[in-house]
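Beneath this line is the structure, given in structure tokens, with notes to follow.
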Amino acid sequence: MIKINNLSKTFKTKDQTVQAVDDVSIDIEKGDIYGVIGYSGAGKSTFVRLINRLEDPTDGEIILNGQDMTDLSKAQLRLERQKIGMIFQHFNLLWSRTVYENIAFPLEIAGVPKADREEKVLELIELVGLKGRENSYPSQLSGGQKQRVGIARSLANDPKVLLCDEATSALDPETTDDILELLVSINEKLDLTIILITHEMHVIQKISHRVAVMEQGHVVEQGDVLDVFMNPQSKTTKRFVQQLNPQEGSVEELKDFITSDDRSKVVKLHFVGHNAKRALISDVSKQFDINVNILQGSISPTQEGAYGTLYVEFQGEPETIEDVMNYVETTGVGVEVIDYVD
Amino acid sequence: MLTNIFPNVEMDKMWVATYETLYMTFISVLGTFILGILLGLLLYLTNKGNLWENKPLNSIVATIVNVSRAIPFIILILLLFPFTDFLIGTIRGPNAALPALIVGSAPFYARLVEIGLKEVDKGVIEAAKAMGAKTRTIIFKVLLPESMPALISGITVTAIALISYTAMAGVIGAGGLGDLAYMEGFQRRNTDVVLASTIFIVIIVFIFQFLGDWISKRIDHR
């Protein structure tokens, strides 16, 4: 649905050029919730602004429903933008307008007659759960409510795509979850493609189907959320994954358990999707003559199912340990022997 | 008792003068409001990073604004005599004061408008662009409404300056309370007339200030 090919953006100032987005190619399918994560300065905000051409790309193409955005004239671009919703970190509502009038604004821009506007606005107010606040001004709303207005506004012209620029970064954790749930329900109800930019791993974990990790203008890793989380390749991705499982970083603490004794082995188990729900450990200890010592572990739910890691120490005859590991592998759970700590 | 304190004040003359002052003030405030917003928008929009970014045009407008602000009002009236004569057909009376009043205060107000527009959240403008808004829509539905409290308090300050300009214009024959205070009061050594005119002007200023503050507060939902 959205094909981004070799997209680049260079900012030139008097004494320096900044390559904000560098040769980014991404495919986004209809109905996807596509997350782009990166630390500040990674170019992700510029990237999302290139999609609706709030910034003009230096190079590359953005093909939305077969239409190359970079080919559009100014007038065509304005029409196309009406079909691309966008929400912002700081909501960007007009304080001079009420909730109702803010949501009606994109309809006014699109030239929808006044009578038809009312029905749509009331429907959207209902959808985002702001019934009764129609005549409030943004200054009378909480952050979460403001973002709900922002979301309602972005949906007014029935967009095909919703761009979210750090949409939850100014909200507290609880409100963040509410807004994310709202986004998921909109995604499901309206089959709306959502592209979201964030620096919070939590957001990706909670709602994204697929993810791209950005660093210095490049996409360093992309794919299904679970794959990327399970096998982070780049340093940046590893750091983000670590945010989710704080324990995972402290492999050093396992040092004491790692010995040259072949009657003891420290093993890291990866659980993905349904495997995460299995009672594997009790299964193993019942079937084999072995002791299992659980060292540390964590589980993270994502949109595509849960994934988790568990560090255990197997104690027993070397052959039995070998059998156990073979058995575990047949169940689809990933096994990795830890014999050193780097 | 009032006749004892103000023996030379003739109330019907006072009312006529007050009417003339209010007339000059209203029309010139209206003219200044329109011309000032136009100039202010032009200054803002042609500035760097804005919708009509245009360095040469911006410099030209800024120079015109700065130069006309630098001319003392009393000299501006004299300089504009030919223009006024051409436009109004006379250089005496309240109407003749209007061109000078508007030309004198519009550049000042334009700067206040520009400051007000700069305060408008860039994010809101970006949001409007992302919705596919035309420049005209952004001006009339975002920039002006969002800066309206600043525009109103700016025009209040300007209106008060204009009231004192009308008094100055009075001295060279524009009519109004300034004219009365100078011709009937100062020239004839009737201090009471000067005092009465001053009181009237102060009351008018207070009313304008009050109205401006009230409107500005009413429309500010920030």
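Throughout, protein chains are lettered first and strands after them, A, B, ... in sequence-line order, and every chain is numbered starting at 1.
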*Given that the side chain runs from C-beta out, which part of B:Ile125 has a heavy atom under 4.5 Å from chain A: side chain, backbone, both or neither?*
neither
*Going from CE on A:Met86 to NZ on B:Lys129, what distance comes out if it is rounded to the nearest 0.5 angstrom?*
11.5 Å
_Proximity of residues 174-182 of chain B to chain A, residues having a non-hydrogen atom under 4.5 angstrom_ = none
*asked:* Counting only non-hydrogen atoms closer than 4.5 Å, does A:Arg153 touch chain B with its backbone (N, CA, C, O), its side chain (CB onward), both, or neither?
replied: side chain
_Nearest 0.5 Å, please: how far is CG in A:Leu107 from CE in B:Met131?_
10.0 Å
*asked:* Has B:Arg222 got a side-chain atom pairing as donor or acceptor with A:Ser139's backbone, closer than 3.5 angstrom?
replied: no
*Considering only heavy atoms, which portion of B:Lys134 lies under 4.5 Å from any heavy atom of chain A: side chain, backbone, both, or neither?*
both
*For the candidates B:Ala130, B:Ala128, B:Pro149, which exhibits the highest count of non-hydrogen atom pairs separated by less than 4.5 Å from chain A?*
B:Ala130
*Nearest 0.5 Å, what's the CG-CZ distance between B:Asp121 and A:Phe91?*
11.5 Å
_Tell me whether the count of non-hydrogen atoms from other residues, nucleotides or ligands lying under 6.0 Å of OH in B:Tyr19 goes above 12._
no
_Around atom CZ of B:Phe81, are there more than 12 heavy atoms from other residues, nucleotides or ligands closer than 6.0 Å?_
yes
*Donor-acceptor contact below 3.5 Å, side chain A:Asn92 vs main chain B:Ala127*: no
*For A:Phe11, does the CZ atom have more than 12 heavy-atom neighbours from other residues, nucleotides or ligands under 6.0 Å away?*
yes
_Tell me if a side-chain donor or acceptor on B:Glu126 pairs with a main-chain N or O of A:Leu54 at a distance below 3.5 Å._
no
_Portion of B:Val142 that has a non-hydrogen atom of chain A nearer than 4.5 angstrom_ = both
*Between OG1 of B:Thr135 and CZ of A:Arg78, what distance do you get to the nearest 0.5 Å?*
7.0 Å
*Based on non-hydrogen pairs under 4.5 Å, which of A:Gln82, A:Lys74, A:Arg81 is most in contact with chain B?*
A:Arg81
*For residues A:Arg97 and B:Lys141, determine if any side-chain heavy atom of one lies less than 4.5 Å from a side-chain heavy atom of the other.*
yes
*Would you indicate whether A:Lys30, at its atom NZ, is surrounded by more than 12 heavy atoms from other residues, nucleotides or ligands within a distance under 6.0 Å?*
yes
_Other residues, nucleotides, ligands: >12 heavy atoms within 6.0 Å of A:Lys3 NZ_ = no
*Determine, step by step, whether A:Trp95 and B:Asp220 satisfy the side-chain contact (heavy atoms from CB on, under 4.5 Å) criterion, reporting the C-alpha distance in whole Å, the side-chain angles of both residues, the deciding distance to 0.1 Å, and the verdict.*
CA-CA 9 Å; A:Trp95 61 254; B:Asp220 196 344; 4.0 Å; yes
*asked:* Please classify the contact between A:Leu93 and chain B as side chain, backbone, both or neither, with a heavy-atom cut-off of under 4.5 Å.
replied: backbone
